[in-house]
Amino acid sequence: MSHSSSSGAAPARAVPRTPTLTGEMLAEFAGTAILILFGVGVVAQVVAGKNGGDDSIHWAWGLGVTFGIYVAGRTTGAHLNPAVTVALAVFQGFSWKKVLPYVVAQFAGAFVAALLIRWVYADAIDALDPGHTYTSQGIFSTLPGANVSIGTAFLDQVVGTAILVFLIFAISQTKAMPPGANLAPFIVGLVVVGIGMAWGSNAGYAINPARDFGPRLASFVTGYSTAMREPGGAFYFWVPIVAPMLGGLVGGGLYKVLVERHLPDEAAAEPEGRVRTDD
């Protein structure tokens, strides 16, 4: 029995797939959810499960960022953070039409992941804090540290997010000294670990509006009536939203002024005095 196509015929060429906006939103949703599953999950384990300490929190947040970037990186570049998305739109030409959809997807991913953690750790949380008070609220969202004013917490978040965005730009630009062999996600994860270790005590290093408000909202709708406030009673939810957005612009602007405008072209000769990083 003969076949309709000749064995010598050229195979059909696959049509290159370009991600749709829906696909990009799903990638941002998934990547941010992975970030929260590791980050908020480790805090739940440490606080409610009494297993681990500050170091495990810092490392798990960094790993969550790394894995989230590997999930979404091929599709969107893995913003996973509204402050990063807006900074990329302002300084790196990212489409403003995609900013709101990306931000919505990031918040949704953080919210859904936090709901899952709230469900899985419900028994441990109820045993620790049956009234759902500030004792366990910090599992889901950041709070100012002891004797730290809201003003200081705001400044802390501006500085921490500025560091994050500044280094993301440095790591991701091909004209600079980007990591090779697809190591950028791991390096960005280390940046988050470092920020946690250096800037974690004042305000919990949210450095990401979606990371904070998504889980904060999840805790609010599942019994934490004070989720939007700090222990003194003042509304606090806005600080980890507004300050990181401002910090992202500060960090992106500083990188543009201090580094990017002075980078040599990729085809330029090796600058004198530079330490070589390749063979």
Side-chain angles (χ1 to χ4, degrees), residues 35-66 68 80-84 110 114 117 121 125 128-129 132-168 187-216 219 224 226-248 250-251 254:
L35 162 63
I36 297 302
L37 288 173
F38 280 88
V40 174
V42 72
V43 182
Q45 177 171 265
V46 170
V47 174
K50 305 297 184 181
N51 181 12
D54 289 345
D55 286 347
S56 60
I57 289 174
H58 300 324
W59 282 106
W61 273 111
L63 289 170
V65 169
T66 297
L80 314 184
N81 183 338
V84 172
I117 293 164
Y121 278 95
I125 291 171
L128 171 74
D129 183 23
H132 302 147
T133 68
Y134 292 109
T135 299
S136 60
Q137 181 175 311
I139 291 173
F140 300 96
S141 54
T142 60
L143 293 166
N147 303 314
V148 175
S149 68
I150 291 180
T152 297
F154 187 96
L155 176 61
D156 175 272
Q157 287 301 287
V158 171
V159 173
T161 314
I163 294 170
L164 174 68
V165 171
F166 187 98
L167 290 175
I168 286 175
I187 303 302
V188 175
L190 288 181
V191 169
V192 173
V193 173
I195 291 173
M197 290 180 171
W199 296 87
S201 62
N202 277 335
Y205 71 108
I207 57 175
N208 181 340
R211 167 268 173 272
D212 191 85
F213 189 73
R216 189 182 296 273
S219 67
Y224 286 82
T226 59
M228 302 300 166
R229 300 176 183 269
E230 49 83 42
F235 279 107
Y236 186 78
F237 73 91
W238 61 273
V239 173
I241 296 175
V242 177
M245 297 299 285
L246 177 59
V250 171
L254 286 174

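For the atom pair CZ of F38 and CD1 of I57, the computed distance is 15.0 Å after rounding to the nearest 0.5 Å. One distance of note links CG of L63 with CG of L190; it measures 9.0 Å at 0.5 Å rounding.
The shortest non-hydrogen separation linking Q157 to A203 is NE2-CB, 3.9 Å. Residues A110 and A210 come closest through the heavy atom pair CB-O, 3.2 Å. Between P240 and P244, the closest heavy-atom pair is O-CG, 3.1 Å. Contact detail for V46 and S56: the closest heavy-atom pair is CG2-OG, 3.7 Å. Among all heavy-atom pairs drawn from S136 and I125, the shortest one is OG-CG2, 4.0 Å. Closest heavy-atom contact between R211 and A206: CD-O, 3.7 Å.
Judged by distance alone, the side chain of Q137 and the main-chain N or O of Y224 form no donor-acceptor pair under 3.5 Å. For the pair S149 (side chain) and T152 (backbone), a donor-acceptor distance under 3.5 Å is present. Between the T66 side chain and the G62 main chain, a donor and an acceptor come within less than 3.5 Å of each other.
Under the rule for a side-chain hydrogen bond (donor to acceptor under 3.5 Å, both in side chains), Y236 has no partner lying at least two apart in sequence or in another chain. Applying the salt bridge (Lys or Arg N to Asp or Glu O under 4.0 Å) test to D212 and every residue at least two apart in sequence or in another chain returns R216.
At least one side-chain heavy atom of L143 sits less than 4.5 Å from a side-chain heavy atom of P231. Looking at F154 and L246, their side chains come closer than 4.5 Å, going by heavy atoms from C-beta outward. Residues F237 and T142 are not in side-chain contact: their nearest non-hydrogen atoms beyond the backbone lie 4.5 Å or more apart. You'll find the side chain of W238 reaches within 4.5 Å of the side chain of I150, heavy atoms only. Counting only heavy atoms from C-beta outward, the side chains of L164 and N81 approach each other to under 4.5 Å.
For the side-chain contact (heavy atoms from CB on, under 4.5 Å) criterion with V65, the lone passing option out of V192, N208, V191 is V192. The one candidate from N202, V148, I207 that meets the side-chain contact (heavy atoms from CB on, under 4.5 Å) condition with D156 is N202.
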Report all side-chain donor-acceptor pairs from residues 48-55 shorter than 3.5 Å, counting only partners two or more places apart or in another chain.
none

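Note on ring orientation: taking the six-membered ring where Trp is involved, the planes of W61 and Y205 are perpendicular (angle over 60°, cut-offs 30° and 60°).
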